[in-house]
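Right, one structure below, let's go through it.
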Amino acid sequence: MNIAKDMDLYQKLNILSDAAKYDVACTSSGVDRKGSGKGMGNCTAAGICHSFSADGRCISLLKILFTNECVFDCKYCINRASNDVERASFTPEEVCRLTMEFYRRNYIEGLFLSSGILKNPAYTMELLYQTLYKLRNECHFEGYIHVKAIPGAPQELIQKTGFLADRMSVNLELPTAESLRRLAPHKTRKRILAPMRQVQMTRNENKHELTVFKNTPQFVPAGQSTQMIIGATPENDYQILSVAESLYQKFELKRVFYSAFVQVNQDAMLPSLPGGPPLLREHRLYQADWLLRFYGFGAQELLSETHPNFNVFLDPKCDWALSHLEQFPVEINRADYYTLLRVPGIGPKSAQRIVKARRMGQLDFPDLKKAGVVLKRAVYFITCSGKQMYPLKIEEDFILRNLMYSQSRTPAETATYRQLSLFDDGQVFGAVPQKLLQTGV
């Protein structure tokens, strides 16, 4: 372990901000807390650094580790105890100084504070608590703060810290207990889930108290989140999504973040990944996660033991729709809200607009475009007043080819009714099968 001596604050900031880049669980959506008017900052409609708020804004965060020193030796972590990397640690006063100076310069709107395990979980959690206490009570900082709850730390420390933070997160690290035993033997699933359960129960108790006593301090008002590393272990997408669904249902998490495995250590127990981090797989899991949270889908609807992984060429909603063509086409002017949500190209906002607008009269395809429907996907699965936008057959092969290869064109541009000539190249027509082109649709 390479511990630098006499390091100035700027050097520490370089080391500990870079060390924090592998932690992706930093969002602030779900909190709307006003300042008192006496301190600095507030958390109204907040969303933080390279993350997004509930209203879609992308705004800034000071994202750092308190320390990159760690007593654990997780095989996938750059900061593991056996790695010879330059180490640094802030003091609570230094974190306060950085946060306030960055905020005064309008560089940030909040703080994301994580940490390696210095000495032991209790010692580390105490330092995090001291930092947040000074920020709130001595610096009077009222902006957004997201802090890590350290598994194994005393419950009273986690509880005191939770009354100072807007969001807390406990990283699940890996999807299954078996993978955790292989790659992070110092950590256990039971120990990780314990602070999650504590945060959940304390939040529910706090909500009840707030209904009785309006001036009660809020405990983690933006809820809790977690993070899973994807691709370091052999779990399939169905297992990962099932774990996420269970966390949402049993622990009332706000977000599950998926982090594509980046090979920063050489170890025989880690995959080689010659193609690099599985970023497309991560993207598909995020898309599926939205279907769980906002579209009413279940993990078993999207995947199964016989179909355990997502199609990398299609988003999960289109993939599901192609496997359930018997449920289509959906009549826009009669379908209920939840049926509309299952149509590719229709999201919660556009479904709400459709339900509201059709009270005034029948809707047609131009109306759907104004409502925000993505017609280049939806057109294969809907009718308006019993009619399709184009004369298309609801056949898996035809729809699949057009969804995969004609992302930027509508079927009107890809489908044609003229006879092919000897000089035609099949690629001219993108994904539309030549048989369909020759006979019309």
Side-chain angles (χ1 to χ4, degrees), residues 23 25-26 28 30-31 33 36 39 43 64-67 69-72 89-96 99 110-173 184 186-227 247 250-254:
D23 199 324
C26 55
S28 69
V31 63
R33 175 178 52 74
S36 65
C43 209
I64 52 175
L65 295 185
F66 188 89
T67 179
E69 298 181 41
C70 193
V71 297
F72 293 155
S89 296
F90 286 124
T91 64
E93 292 77 15
E94 287 174 331
V95 175
C96 292
T99 304
L111 171 68
F112 175 86
L113 185 61
S114 185
S115 182
I117 308 302
L118 184 62
K119 293 187 179 180
N120 56 62
Y123 183 78
T124 305
M125 197 71 221
E126 175 65 34
L127 288 171
L128 296 180
Y129 167 70
Q130 290 178 15
T131 303
L132 267 61
Y133 183 86
K134 289 177 180 293
L135 267 174
R136 295 299 196 199
N137 294 287
E138 296 179 14
C139 301
H140 306 291
F141 180 69
E142 297 184 351
Y144 176 86
I145 297 179
H146 180 159
V147 69
K148 292 290 179 176
I150 308 297
Q155 289 189 1
E156 59 270 21
L157 268 178
I158 292 176
Q159 182 161 341
K160 289 195 299 182
T161 307
F163 279 108
L164 299 171
D166 292 289
R167 172 165 285 180
M168 295 188 83
S169 56
V170 185
N171 282 355
L172 194 66
E173 306 286 354
H186 298 90
K187 300 177 180 179
T188 65
R189 177 58 62 87
K190 183 178 180 181
R191 202 178 194 187
I192 291 172
L193 294 180
M196 279 190 192
R197 181 66 71 193
Q198 180 190 350
V199 171
Q200 177 195 21
M201 294 177 65
T202 308
R203 285 192 77 234
N204 290 335
E205 293 170 2
N206 182 245
K207 287 178 183 177
H208 177 71
E209 291 175 4
L210 285 167
T211 62
V212 181
F213 306 103
K214 300 299 182 182
N215 294 325
T216 300
Q218 286 186 281
F219 181 85
V220 193
Q224 62 173 325
S225 58
T226 193
Q227 175 182 345
L247 291 172
K250 295 180 180 179
F251 294 89
E252 302 175 86
L253 264 63
K254 291 294 184 181

Inset, instruction - State, with a plain yes or no, whether a side-chain heavy atom of L164 is found less than 4.5 Å away from one of I145. - result: no

Inset, instruction - Can you measure from NZ (K160) to CG (L132) and round to the nearest 0.5 angstrom? - result: 12.0 Å

Inset, instruction - Keeping the roles fixed (side chain from T226, backbone from V170), state whether a donor-acceptor pair exists under 3.5 Å. - result: yes

Inset, instruction - Look at the side chain of R136 and the backbone N and O of F141, then say whether any donor-acceptor pair between them is shorter than 3.5 Å. - result: yes

Legend entry - ring pair (Phe, Tyr, Trp, His ring centres under 6.0 Å) involving F163 - partner list, sequence neighbours excluded: F219

Legend entry - Rounded distance (nearest 0.5 Å) linking atom CD of E173 with atom NZ of K187: 3.5 Å

Inset, instruction - With the side chain counted from C-beta on, respond yes when Q227 and S169 share a heavy-atom pair under 4.5 Å apart, and no when they do not. - result: no

Legend entry - Sequence-distant partners of V220, side chain to side chain contact (heavy atoms under 4.5 Å, CB included), two or more places apart: M168, V199, R203

Inset, instruction - Would you please name every residue forming a side-chain hydrogen bond (donor to acceptor under 3.5 Å, both in side chains) with R197, sequence neighbours left out? - result: Q200

Inset, instruction - Find out whether V147 and L111 are in side-chain contact, i.e. whether some heavy atom of one side chain is under 4.5 Å from a heavy atom of the other. - result: no

Legend entry - CD on E94 to OG1 on T91, rounded to 0.5 Å: 3.5 Å

Legend entry - side chain to side chain donor-acceptor pair (under 3.5 Å): pairs with one or both residues in residues 206-216, sequence neighbours excluded: none

Inset, instruction - Please list, chain by chain and in numerical order, all residues satisfying ring pair (Phe, Tyr, Trp, His ring centres under 6.0 Å) with H186, sequence neighbours excluded. - result: F72

List, one per line, each side-chain donor-acceptor pair under 3.5 Å for residues 117-128, sequence neighbours excluded.
from, atom 1, to, atom 2, distance (Å)
N120, OD1, A122, N, 3.2
N120, OD1, Y123, N, 2.7
T124, OG1, L118, N, 2.8
T124, OG1, L118, O, 3.1
T124, OG1, N120, O, 3.1
E126, OE2, Q130, NE2, 3.1

Inset, instruction - Only counting residues at least two apart or in another chain, list the ones meeting side-chain hydrogen bond (donor to acceptor under 3.5 Å, both in side chains) with N137. - result: none

Inset, instruction - Measure the CZ-OG distance between F66 and S114 for me, rounded to the nearest 0.5 Å. - result: 12.0 Å

Inset, instruction - To the nearest 0.5 Å, tell me how far S115 OG sits from E69 CD. - result: 9.5 Å

Legend entry - All side-chain hydrogen bond (donor to acceptor under 3.5 Å, both in side chains) counterparts of T202, not counting sequence neighbours: none

Inset, instruction - Would you give the length of the straight line joining atom OG of S225 to atom CG of L172, rounded to the nearest 0.5 angstrom? - result: 11.5 Å

Inset, instruction - Applying side chain to side chain contact (heavy atoms under 4.5 Å, CB included), name anything that partners A194, two or more places apart in sequence or on another chain. - result: none

Legend entry - Mutual orientation of the aromatic rings belonging to H146 and Y144 [parallel < 30°, tilted 30-60°, perpendicular > 60°]: perpendicular

Inset, instruction - Return the set of residues passing side-chain hydrogen bond (donor to acceptor under 3.5 Å, both in side chains) with Q159 (not counting sequence neighbours), or none when no residue passes. - result: none

Legend entry - salt bridge (Lys or Arg N to Asp or Glu O under 4.0 Å) against E93, all qualifying residues, sequence neighbours excluded: K134

